[in-house]
Number of protein chains: 2
Amino acid sequence: MSSTVDAVAERANVSVSTVSRALRDMPGVSQETRKRVHRIAQELGYVPSLAGSRLATGRTGAIAIVTPNLSKWFFGQVLASAGRVLRLAGFDVLLYELADTAARERFFAGSSLAGRADGVLVFALQPTPEELATLESQNLPLAFLGSGTPGRSGVRVDDHAAGRAAARHLINLGHERIAFIGIREAADSTLGGVPPANRLKGYREALAEAGLEPGQELEVHEENSMAGGSRAMSRLLCAEVAPTAVFVASDEMAFGVLRTLKAGGIDVPGDMSVIGFDNHELSEILDLTTMDHSVALQGSETARRLLALITPDAGAEPDLVLSAQLIVRGTTAPPFPLRGRRTVTPPA
Amino acid sequence: MSSTVDAVAERANVSVSTVSRALRDMPGVSQETRKRVHRIAQELGYVPSLAGSRLATGRTGAIAIVTPNLSKWFFGQVLASAGRVLRLAGFDVLLYELADTAARERFFAGSSLAGRADGVLVFALQPTPEELATLESQNLPLAFLGSGTPGRSGVRVDDHAAGRAAARHLINLGHERIAFIGIREAADSTLGGVPPANRLKGYREALAEAGLEPGQELEVHEENSMAGGSRAMSRLLCAEVAPTAVFVASDEMAFGVLRTLKAGGIDVPGDMSVIGFDNHELSEILDLTTMDHSVALQGSETARRLLALITPDAGAEPDLVLSAQLIVRGTTAPPFPLRGRRTVTPPA
DNA sequence: AAGATTAACGCAAGCGCTTGCGAACCGGAT
DNA sequence: ATCCGGTTCGCAAGCGCTTGCGTTAATCTT
């Protein structure tokens, strides 16, 4: 087992207090003894016990990250980028994946974070008022990613504008019947995080301004997964008048959409344009037009904001609202002119 | 701030020791007082300070997971599944993503894990002897996933058999020129974890048994990513005699392979069969034939093994060697009979 | 009925570190 | 010589919990 302060103190002929101060570069230690203490600590392979200093200072040196289902690409990415920032700043990262409702309840009911972390990063899950209260009661610094919690420090993307932009792209191409596939709050509430409702609003707004009123029939919501996207597209395919384009709220769902279309022999983008959202790592290979929203940046910036809240010197940074960027690839094109009159897919 | 043991003790008219014992269901407390203490603790919203008990017991209640680059799908999956098991068992999970060499060095050089965790889960990164020594010196229970560290508790997949199986599949289809695209240790050593060298061996063995000796030209190694796969395939395409099938050591690389083939107008599986490895979440949509190796199971079982090492009662479970399963999809087929004589891609 | 168990509980000594405060010591100002 | 501000350092009191051991009281032995 590693040695303790006392060992170092004795070997260095100073008191433990001096060792403590020397090692943490606090004032009140002469240059000379500081060097000596450092050297001896090194020799002895001394590494301060976290538990000890935690107890004494109340600081834990750790940040908790609470996130929805990690197997979603988005959360993996964000976790990775946030984690790097935190670790670079010298913090440990404590991971709380709220993979299902049970886990979520356990987390919020359970064993208070105070004493485990110095701050909390909350990813894209809209805490209920009670949950928020629980979080606050620990009074730890909080930073939110993606959730619309007003007045809280964090980062989010301008979903409204992004929704508009995606819709505009399709409108500009000449589409008139543009469907929307949104993310439905999963039965298991934490699965996909909080659905980005504003994407829908932006979409509606753009369509309305263009004089297009698709109506309810062309708005479907499904679970955020390939399977969900697949189902959603199937539903859209039996609409009274099928759309010629569809804006899908996540790339993973868009993958499902593409699968369904392929299975149905519907050519993309010949018969149907598809635009996704995320710029998923693999959307490139599927040649999916999508909205990029700098996922990694979201993670790192949220982390940075939390750190600013924690370290006394750094001034609190203002909230960040990122705007998404259209990435044009091969799944969007002008509508096939005969669309709506045909019942059979033409050769590609 | 939450109350302390003393508060509870006072309100319950017992000593702190009794409170401590009662709350942890240790013997030596009457049923009656136990109830009372529990109730009062509840009322006071008392939650024991982790720091306190850590210092007193030396146990931390946390498990460290050290993993290569989390943005790789595989590690995200494994982390998620392992994390769930650990959290269910009441442990916190401490995440150490060794995203690059610098992080790796910092981790192994740095601040000893002892005092932070009760055990360590090491994902697919082959520690160097020195690193291993560092790890061991903390003498914490260790469990390994995927790395070939002999004699250590853990789980891995039988890469050798899997490599054979994949190759056999192609051989059985009638292919004779079968290439291999392997994972090259990334320049940044931790990026992709330890390359599964045995997949190559299994492949070679199967080919040799079938009397096929592809030779060095058909074995290429690249970084484990879509881009890497893409490059590897390009290299293969300028071989003296191009292969008719290729076994790719990861699905992500296989995606890159497919992209290159598509770009090159080479039909899959008409002109080229492709088999991947992982059964990546998205391989289904690309209709990629692949080897499934129950990724989630790997994570959860490794976690379970670590727990068995930690909790005194549970007997240590033996190592687990999982076998991969072929998933036949649409990217593998018998070779085109004219292959090698044609220079132009025939219509699909 | 007296001694031996056993159950229930309190005492107090840690666990390893931090930090406010006072002691000692130094050189320079009075 | 005396006083004073500064610097360097040690003392000791925690931080909140656990646990070995001792004490008491109740229950069992023959």
Side-chain angles (χ1 to χ4, degrees), chain A residues 1-38 40-41 44-62 92 111-118 138 312, chain B residues 1-38 40-41 44-62 92 111-118 138 312:
Chain A
M1 212 49 65
S2 66
S3 39
T4 75
V5 260
D6 313 77
V8 180
E10 189 178 354
R11 284 274 260 116
N13 281 319
V14 291
S15 70
V16 290
S17 13
T18 299
V19 172
S20 173
R21 286 190 262 257
L23 257 25
R24 287 177 308 140
D25 290 317
M26 300 199 69
V29 180
S30 72
Q31 218 36 244
E32 184 196 4
T33 49
R34 190 184 302 281
K35 290 289 177 207
R36 181 158 38 96
V37 169
H38 266 110
I40 294 192
L44 263 49
Y46 168 73
V47 26
S49 146
L50 243 208
S53 70
R54 280 186 181 185
L55 190 51
T57 64
R59 264 168 275 117
T60 65
D92 280 340
S111 47
S112 104
L113 278 179
R116 296 172 192 261
D118 297 338
Q138 331 258 159
Chain B
M1 213 48 67
S2 67
S3 38
T4 75
V5 261
D6 314 76
V8 180
E10 190 179 353
R11 284 274 261 116
N13 282 318
V14 290
S15 70
V16 290
S17 12
T18 300
V19 171
S20 174
R21 287 190 260 259
L23 257 26
R24 288 177 306 139
D25 290 317
M26 301 200 67
V29 180
S30 73
Q31 220 31 250
E32 184 195 6
T33 50
R34 190 186 301 280
K35 289 289 177 205
R36 181 157 39 96
V37 169
H38 266 109
I40 293 191
L44 263 49
Y46 168 74
V47 25
S49 146
L50 243 208
S53 68
R54 280 185 181 184
L55 190 51
T57 64
R59 265 169 273 118
T60 65
D92 281 340
S111 47
S112 106
L113 278 179
R116 296 172 191 261
D118 296 337
Q138 331 259 158

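Below, read A as the first sequence line, B as the second, and so on, with proteins coming before strands; counting in each chain starts at 1.
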Checklist entry - What does R34(B) touch in the nucleic acid at a heavy-atom separation under 4.0 angstrom: a base, only the sugar-phosphate, or nothing? => result nothing
Would you say the side-chain atoms of S17(A) and S20(A) include a donor-acceptor pair closer than 3.5 Å?
-> no
Rounded to whole Å, CD of E32(A) lies from P of dC26(C) at a distance of 14 Å
query: Are any of S30(B)'s side-chain N or O atoms less than 4.0 Å away from OP1 or OP2 of dA8(C)?
result: no
Rounded to whole Å, CG of L44(B) lies from P of dG16(D) at a distance of 14 Å
Rounded to whole Å, CG of D6(A) lies from C1' of dG16(C) at a distance of 7 Å
Check: R36(B) side chain, A12(B) main-chain N or O, donor-acceptor pair, under 3.5 Å
yes
Among the nucleotides dA12(D), dG14(D), dC17(D), whichever has the atom closest to the side chain of V16(A) is dA12(D)
*Is there a donor and acceptor pair, one atom on the side chain of R21(A) and one on the base of dG10(D), closer than 3.5 Å?*
yes
**Message:** OP1 or OP2 of dC15(C) versus the side-chain N and O atoms of T4(A): is any pair under 4.0 Å?
**Reply:** no
From CG of L55(A) across to P of dA13(D) the rounded distance in Å is 17 Å
Exercise. Under 3.5 Å, is there an N or O donor on one side and an acceptor on the other linking the side chain of T57(B) and the base of dC17(D)?
Worked result: no
Residues 17-27 of chain A vs salt bridge (Lys or Arg N to Asp or Glu O under 4.0 Å), sequence neighbours excluded, gives D25(A)-R34(A)
From CZ of R36(B) across to P of dC9(C) the rounded distance in Å is 8 Å
Say whether, by atom type as modelled, one donor and one acceptor occur between the side chain of T57(A) and the main chain of S53(A) under 3.5 angstrom. yes
Taking atom types as they are modelled, would you say the side chain of S17(A) forms a donor-acceptor pair with the base of dC11(D) within the 3.5 Å cutoff? yes
**Prompt:** Hey, is the main chain of D118(B) close enough, under 3.5 Å, to the side chain of T60(B) for a donor-acceptor pair?
**Reply:** yes
Comparing S15(B) with A51(A), nearest DNA chain C nucleotide closer to 5' gives the residue S15(B)
Margin query: Does a side-chain N or O of R59(A) approach OP1 or OP2 of dT19(C) to a distance below 4.0 Å, or not?
Written below: yes
Side-chain N,O (S20(A)) to OP1/OP2 (dT18(C)) below 4.0 Å: yes
In whole angstroms, the gap separating C1' of dC17(D) from CE of M26(B) amounts to 13 Å
Among the nucleotides dC17(C), dT18(D), dC15(C), whichever has the atom closest to the side chain of Y46(A) is dC17(C)
With the side chain defined as heavy atoms from C-beta on, R24(B) is closest, among dC15(C), dT18(C), dT18(D), to dT18(D)
Per nearest nucleotide of DNA chain C, the residue lying toward the 5' end, S53(A) or N13(B), is N13(B)
In whole angstroms, the gap separating P of dC15(D) from CZ of R54(A) amounts to 19 Å
Rounded to whole Å, CG of D25(B) lies from P of dA8(C) at a distance of 14 Å
Does the pair R11(B) and V8(B) meet the rule for a side chain to side chain contact (heavy atoms under 4.5 Å, CB included), with working shown?
CA-CA 5 Å; R11(B) 284 274 261 116; V8(B) 180; 5.9 Å; no
